[in-house]
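Since the structure comes first, as structure tokens, the remarks are kept for the end.
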Amino acid sequence: MDRRDFNKHGPAGVLSMVLWPKPFAAKPENLMNKAGNIQSIEAFPMEYRTKGYFKFFTTPLGASGRPAVMIKMTTDTGLVGWGQSVPISTWSYETLETSVIALRNYYVPSLIGHPVEDISGAHRIMDKAIRPGLTTGMPITRAGIDFALFDIIGKSRDQSVVEILGGKAGGALDLSWTVNVRSLDDVEKSVDEGMRLGYKDFNVKVAPDPEYDVQVVKRVRAAAPDAFLWCDANTGYDLDSALTAAPQFADLGVQVFESPMPPSRFRDYQTLAKQGAIDIYMDEGVISPDVLEEFIHLRMLNGLAMKPSRCGGLTSNSRMIDLCLENDLKWVGSGLCDPDISLAASLALYRSFSLPTAAVLNGPQFLSETVLKPAFEVVDGAIALPAGPGLGVEVDENRLQELSLRTVKDWKL
């Protein structure tokens, strides 16, 4: 299938915060459970330094890095699993500070002693600890717990997370290059940089000015005539602007028009979908499978941009992909400029479901630090899935502690 035909087809300690170090004694009936029960969880608040310009790393406090909370989960059988929460105020109400508090005071005390294999039960416990509103409470924070559980289960079974989710381990995923520019003169430079690194497909940050955005997209299309092209407004348009932009994007061969308006504008999404100029993909606001079911029923979207780091983890996002497939909706793979563990989890999910398009996982494009050994590497526009059980990655704990100590100091946590 030609890429352009897609729309026709379908931390209180010095080095870490030991949130709940209370030992949990294994019960005899659990000794046969190799994954074991959760004995302790440590959280490491940290901030990755960034490279290049990305508008989401500018907060009311000024330019910033990429905040994250690394999670180290240990079981009573001696297994260790890694997770990562990636809060950031420019994407969500979740911040580094609130994630730390939610973990320390609510999620972790509730989960000590819980069987690792019971991931659904862990999510029910977290729902009781912090009640959902319209949708899942603190989904970005709890995603880190979900990832760590999957990592431990994979290690206990000597399987990769890809295999646990029903996919075939190994291989690589193509990535999409993010065009995020402050002037029209920067468009070709950005596209050229991506092409030099082997990227073939491009996603463009748009909104709030459709006239300017169309000019940006025209330049991207001229520079990359055969690319799979994706526009992401991050809810920055109103209805009139979205109705104006949609047919012009379609004329330029844009295959994905993501998050044009705030997700609460139900009737506006219905109006835009009825216009029918281009497929409308939702993202922000679609956090849980039950909300997605309602939006499908209301005919608000043609597809969904997946982000396990935003939706509470692999458990929720797997079901959301199933819902898209069951309802003949399209889906694409994206992220929250994911670093390290969060990136590994996203790669595993998309590989498991045979992602049909290049993934907008731009952590390697915008982040200059890692706590993994070896680090992820983009080769010819693609990233290889790590080998090994669980998420398949190894954390450099000395480096992790260095970044956490620096962050605790800089953020005054």
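- R351 contributes no side-chain N or O that, together with a main-chain N or O of A172, makes up a donor-acceptor pair within less than 3.5 Å.
- Sparse packing is recorded around CZ of R299, with 12 or fewer heavy atoms of other residues, nucleotides or ligands lying under 6.0 Å away.
- Within the 4.5 Å cutoff, no side-chain heavy atoms of V395 are placed close to those of F44.
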Checklist entry - Does the side chain to side chain contact (heavy atoms under 4.5 Å, CB included) test come out yes or no for E211 and T244, once each step is laid out? => result CA-CA 9 Å; E211 183 176 346; T244 298; over 6 Å; no

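- Cation-pi geometry between R182 and Y53 is satisfied (NZ or CZ under 6.0 Å from the ring centre, within 45° of the ring normal).
- Closest non-hydrogen pair, P208 versus G236, comes out as CB-O, 3.6 Å.
- Under the 30°/60° scheme for interplanar angles, the aromatic rings of W331 and Y350 are found to be tilted.
- At most 12 non-hydrogen atoms from other residues, nucleotides or ligands lie less than 6.0 angstrom from NZ of K128.
- Counting all heavy atoms, side chain and backbone alike, S176 lies closest to Y199 at C-CD2, 3.7 Å.
- When the options Y281, Y269, F266 are evaluated for a ring pair (Phe, Tyr, Trp, His ring centres under 6.0 Å) with F295, the one that passes is F266.
- The local environment of OH in Y106 is sparse, with at most 12 non-hydrogen atoms from other residues, nucleotides or ligands closer than 6.0 Å.
- Within 6.0 Å of CG on L184 lie more than 12 heavy atoms contributed by other residues, nucleotides or ligands.
- With contacts defined as side-chain heavy-atom distances shorter than 4.5 Å, the pair L403/E47 does not qualify.
- A donor atom on one side chain and an acceptor atom on the other are found under 3.5 Å apart for N234 and K205.
- Atom CG of L329 is separated from atom CG of L304 by 8.0 Å, given to the nearest 0.5 angstrom.
- In this structure, L314 and V161 have side chains that are in contact, with non-hydrogen atoms separated by less than 4.5 Å.
- At least one donor-acceptor pair under 3.5 Å links the side chain of Q365 to the backbone N or O of T178.
- Judged by distance alone, the side chain of T136 and the main-chain N or O of S288 form no donor-acceptor pair under 3.5 Å.
- Nearest heavy-atom pair across N37 and G113 is CB-O, 3.6 Å.
- When all heavy atoms of G154 and P389 are compared, the pair lying nearest together is O-CB, 3.7 Å.
- Of all heavy-atom pairs spanning S259 and E284, the tightest one is OG-OE1, 2.8 Å.
- To the nearest 0.5 Å, atom OG of residue S110 and atom CG of residue D127 are 11.0 Å apart.
- Taking a cutoff of 4.0 Å between a charged side-chain nitrogen and a carboxylate oxygen, E402 and R399 qualify as a salt bridge.
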Next on the checklist: Quick one, F353 with M306, criterion side chain to side chain contact (heavy atoms under 4.5 Å, CB included). Give me CA distance, side-chain angles, the key distance, then yes/no.
Outcome noted: CA-CA 12 Å; F353 283 87; M306 301 296 168; over 6 Å; no

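- Atom CD of E326 sits in a crowded spot, with more than 12 heavy atoms from other residues, nucleotides or ligands closer than 6.0 Å.
- Residues M138 and T98 have side chains in contact (heavy-atom distance under 4.5 Å, counting atoms from C-beta outward).
- The shortest side-chain heavy-atom distance between L79 and S156 falls under the 4.5 Å cut-off.
- Annotation: the span from I145 atom CD1 to I119 atom CD1 amounts to 11.5 Å, rounded to 0.5 Å.
- N317 CG to L323 CG: the interatomic distance, rounded to the nearest 0.5 Å, is 11.0 Å.
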Checklist entry - Between L165 and F150, is a side chain to side chain contact (heavy atoms under 4.5 Å, CB included) present by the stated rule, with each step listed? => result CA-CA 10 Å; L165 294 174; F150 271 97; 3.9 Å; yes

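- Heavy-atom minimum distance, P339 versus V86: CD-CG1, 3.6 Å.
- Using a cutoff of 4.0 Å between basic side-chain nitrogens and carboxylate oxygens, K72 and E397 are scored as salt-bridged.
- A donor-acceptor pair under 3.5 Å links the side-chain atoms of S85 to the main chain of T141, judged by distance alone.
- In this pair, W91 and F56 present their aromatic rings parallel. The plane angle is below 30°, not in the 30 to 60° band.
- Within the 4.5 Å cutoff, side-chain heavy atoms of S241 are placed close to those of D238.
- A distance-only check finds a donor-acceptor pair linking the side chain of S346 to the backbone of S342 [under 3.5 Å].
- Between the CG atom in L349 and the NZ atom in K307 there is a gap of 13.0 Å [rounded to 0.5 Å].
- The shortest distance between side-chain heavy atoms of L197 and W177 falls below 4.5 Å.
- Note: R319 CZ to D322 CG = 5.5 Å, rounded to the nearest 0.5 Å.
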Item to check | Trace of the side chain to side chain contact (heavy atoms under 4.5 Å, CB included) decision for C231 with V217 | outcome: CA-CA 8 Å; C231 289; V217 175; 3.6 Å; yes

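- Between Y237 and F257, the ring planes are perpendicular. Angles over 60° get that label, and only those under 30° would be called parallel.
- Between the side chain of D340 and the backbone N or O of T370, no donor-acceptor pair lies under 3.5 Å.
- Taking the side chain as every heavy atom from C-beta outward, T95 and P67 never approach each other to under 4.5 Å.
- Atom NZ of K168 sits in a sparse spot, with 12 or fewer heavy atoms from other residues, nucleotides or ligands closer than 6.0 Å.
- A salt bridge does not link E369 with R66: every distance from a Lys NZ or Arg NE/NH1/NH2 to an Asp or Glu carboxylate oxygen is 4.0 Å or more.
- For K218, the NZ atom sits in a loose shell: 12 or fewer heavy atoms of surrounding residues, nucleotides or ligands are nearer than 6.0 Å.
- Contact check on D279 versus K330 returns a salt bridge, with a Lys/Arg side-chain nitrogen under 4.0 Å from an Asp/Glu carboxylate oxygen.
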Item to check | Steps toward salt bridge (Lys or Arg N to Asp or Glu O under 4.0 Å) verdict (R142, E94) | outcome: CA-CA 11 Å; R142 67 194 285 171; E94 294 180 74; over 6 Å; no

Item to check | D151 vs K155, salt bridge (Lys or Arg N to Asp or Glu O under 4.0 Å): CA-CA, chis, key distance, verdict | outcome: CA-CA 6 Å; D151 192 33; K155 291 171 179 176; 3.1 Å; yes

